[in-house]
*Asks:* 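Here it is, the structure in full.
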Amino acid sequence: MHIFITGAKGQLGGDAALEALRRGWRVTAVDRGDFDLTDPVRSITALALAKPDAVLHCAAYTAVDQAESEAGQAAAVNAAATQVIAEYCRLTGTWLAYISTDYVFDGSGDAPRDTDAIPAPLNVYGQTKLAGELAAACCEKHMIIRTSWVFGRGGGNFVKTMRRLGSERAEIRVVNDQIGAPTYTVDLARLLCDMLARPVTGVYHATNAGYCSWADFAREIMVQTKLPAKIVPIPTAEYPQAALRPKNGRLSPASLLRAGYTPLPGWEDALGRFLGE
Ligand SMILES: NC(=O)c1ccc[n+]([C@@H]2O[C@H](COP(=O)([O-])OP(=O)(O)OC[C@H]3O[C@@H](n4cnc5c(N)ncnc54)[C@H](OP(=O)(O)O)[C@@H]3O)[C@@H](O)[C@H]2O)c1
């Protein structure tokens, strides 16, 4: 198996490359320096030279709030560049795994969403990721994998921020009316490689099991790191951000189960393993 991984210096791409190497796969791992997504000619050339069996497209414009004022740039990276990769994959019969997000949904209600729920993104990031999904789906051999609240070694994330704040402050105010599932890059990378080893076209939801609010997540981080900071739950209205976020980010793993893939373990367990690394 020869896998081409974009965003290799990002949180997920880095761990996906490690997991693929661990399995003895040939890995072409690229990042902005050798594969700028906004340069279609270089992107196609890199893919055509590599001739992979599968592309795991992890790279994305992920600055959710900044995207509100940089919609063109976010769309170029998340939508237009995905279209170029999907076209390459379609023409060459290459499998494409595209990583997407719970932010394609509006977050209404409180039930976990299955993959056939109608997307209705609330922010520019979600809109551009949805456009990326539509582009990916033009390639017959595609898997669209939506995840949420990603944490791992390779970048800034909520766990790292809470650990820092937990050692600096006595109290941290954290939103408690947005619900979702924290997801550990190591667990997701393992699942993605399992999926690419036995690919089935479709849309999937892949997060660590269980749901919580950001405040619950922060409290568990304090417990597991034995930091004394008190978590003060607040409503989203008291933490204004440029981009609206879905209140209900619960994603159902039903389609993973239907395709015979093994869903991920619980998020508290995943957090413990991440902190123990
Ligand atoms: N983080 C989350 O909570 C979350 C939640 C749901 C879904 N997702 C999705 O999961 C995937 C992986 O997320 P992540 O957290 O691993 O992201 P990340 O750490 O922000 O990594 C994204 C990578 O994409 C690269 N990239 C951005 N613009 C590029 C361009 N023009 N050309 C080439 N590379 C470019 C970045 O390079 P630079 O560092 O040079 O910019 C970075 O290495 C993304 O598709 C994201 O949309 C993430």
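Start at 1 and go down the list; that is how both ligands and their atoms are numbered. Quick note: numbers below take in every heavy atom, side chains included, and nothing from hydrogens, waters or symmetry partners. Residue numbers run from 1 in the order of the sequence given.
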*Asks:* Do me a favour and list the nearest non-hydrogen protein atom to atom 6 (C) of ligand 1 with residue, atom name and distance?
*Replies:*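 Here the closest protein heavy atom is T147 O, 3.3 Å.
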*Asks:* To which protein heavy atom is atom 41 (O) of ligand 1 closest, and what is the distance rounded to 0.1 Å?
*Replies:*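 Protein heavy atom at minimum distance: R32 NH2, 2.6 Å.
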*Asks:* Kindly determine whether W214 and F158 satisfy ring-ring contact (aromatic ring centres under 6.0 Å, His included), including the steps that lead there.
*Replies:* CA-CA 9 Å; W214 288 110; F158 185 79; 4.7 Å; yes
*Asks:* Measure Y103 to ligand 1 on non-hydrogen atoms and call it side chain, backbone, both or neither using the 4.0 Å cut-off.
*Replies:*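 Neither; nothing of Y103 gets under 4.0 Å from ligand 1.
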*Asks:* Quick check against the 3.5 Å criterion: does K160 have a side-chain atom that pairs as donor or acceptor with the backbone of R153?
*Replies:* yes
*Asks:* Mark yes or no for whether T6, through its side chain, and C58, through its backbone, hold a donor-acceptor pair below 3.5 Å.
*Replies:*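 Yes; judged by distance alone, with no hydrogens or angles, the pair exists.
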*Asks:* Is there a donor-acceptor contact under 3.5 Å linking the side chains of E68 and N123?
*Replies:* no
*Asks:* Note the single closest protein heavy atom to atom 15 (O) of ligand 1, along with its residue, its atom name and the distance in Å.
*Replies:* Q11 NE2, 3.0 Å
*Asks:* Please write down residue, atom name and distance for the protein heavy atom closest to atom 46 (C) of ligand 1.
*Replies:*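 Ranked first by proximity to atom 46 (C) of ligand 1 is Y125 OH, 3.5 Å.
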*Asks:* Is there a donor-acceptor pair under 3.5 Å between the side chain of Y261 and the backbone N or O of R198?
*Replies:* yes
*Asks:* Quick one: does ligand 1 sit under 4.0 Å from the side chain of K129, the backbone, both or neither, non-hydrogen atoms only?
*Replies:*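 Under 4.0 Å from ligand 1, K129 contributes side-chain atoms alone.
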*Asks:* Can we call the ring centroids of F151 and Y184 under 6.0 Å apart?
*Replies:*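 Yes, close enough.
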*Asks:* Strictly inside 4.0 angstrom of atom 39 (O) of ligand 1, do you find any protein heavy atom?
*Replies:*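 Under the 4.0 Å cut-off, atom 39 (O) of ligand 1 has no protein heavy-atom neighbours at all.
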*Asks:* Counting the benzene-type ring for Trp, do F217 and W267 have ring centres under 6.0 Å apart?
*Replies:*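 Judged by ring-centre distance (under 6.0 Å), F217 and W267 do meet the cut-off.
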*Asks:* Could you list the atoms of ligand 1 found under 4.0 angstrom from a heavy atom of F35?
*Replies:*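 Listed by number with element: 32 (N), 33 (C).
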*Asks:* Between N176 and D216, does any side-chain donor sit less than 3.5 Å from a side-chain acceptor?
*Replies:* no
*Asks:* Less than 3.5 Å apart, any donor N or O on the side chain of H205 or S255 sitting next to an acceptor on the other?
*Replies:* no
*Asks:* When you look for heavy atoms under 4.0 Å from ligand 1, do you find them on the side chain of I99, its backbone, both, or neither?
*Replies:* both
*Asks:* Identify, for atom 3 (O) of ligand 1, the protein heavy atom at the shortest distance, and state residue, atom and that distance.
*Replies:*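 The protein heavy atom lying closest is V150 N, 3.0 Å.
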*Asks:* Which of these, C58, P182, A76, has its nearest heavy atom closest to atom 11 (C) of ligand 1?
*Replies:* C58
*Asks:* Among S148, S100, G154, which one has a heavy atom closest to atom 7 (C) of ligand 1?
*Replies:* S100
*Asks:* Counting non-hydrogen protein atoms only, what is the nearest one to atom 16 (O) of ligand 1? Give residue, atom name and distance.
*Replies:* L12 N, 2.8 Å
*Asks:* Among all the protein's non-hydrogen atoms, which is closest to atom 37 (O) of ligand 1, and how far away is it?
*Replies:* D31 OD1, 3.2 Å
*Asks:* Please compare I145, T62, T128 and report which has the shortest non-hydrogen distance to atom 17 (O) of ligand 1.
*Replies:* T62
*Asks:* Would you indicate which of G10, A59, A81, G156 comes nearest to atom 42 (C) of ligand 1 when only heavy atoms are counted?
*Replies:*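 Comparing heavy atoms across G10, A59, A81, G156, the nearest one to atom 42 (C) of ligand 1 lies in G10.
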*Asks:* Would you mind telling me which of P265, P253, S148, P263 makes a side-chain contact (heavy atoms from CB on, under 4.5 Å) with N208?
*Replies:* P265
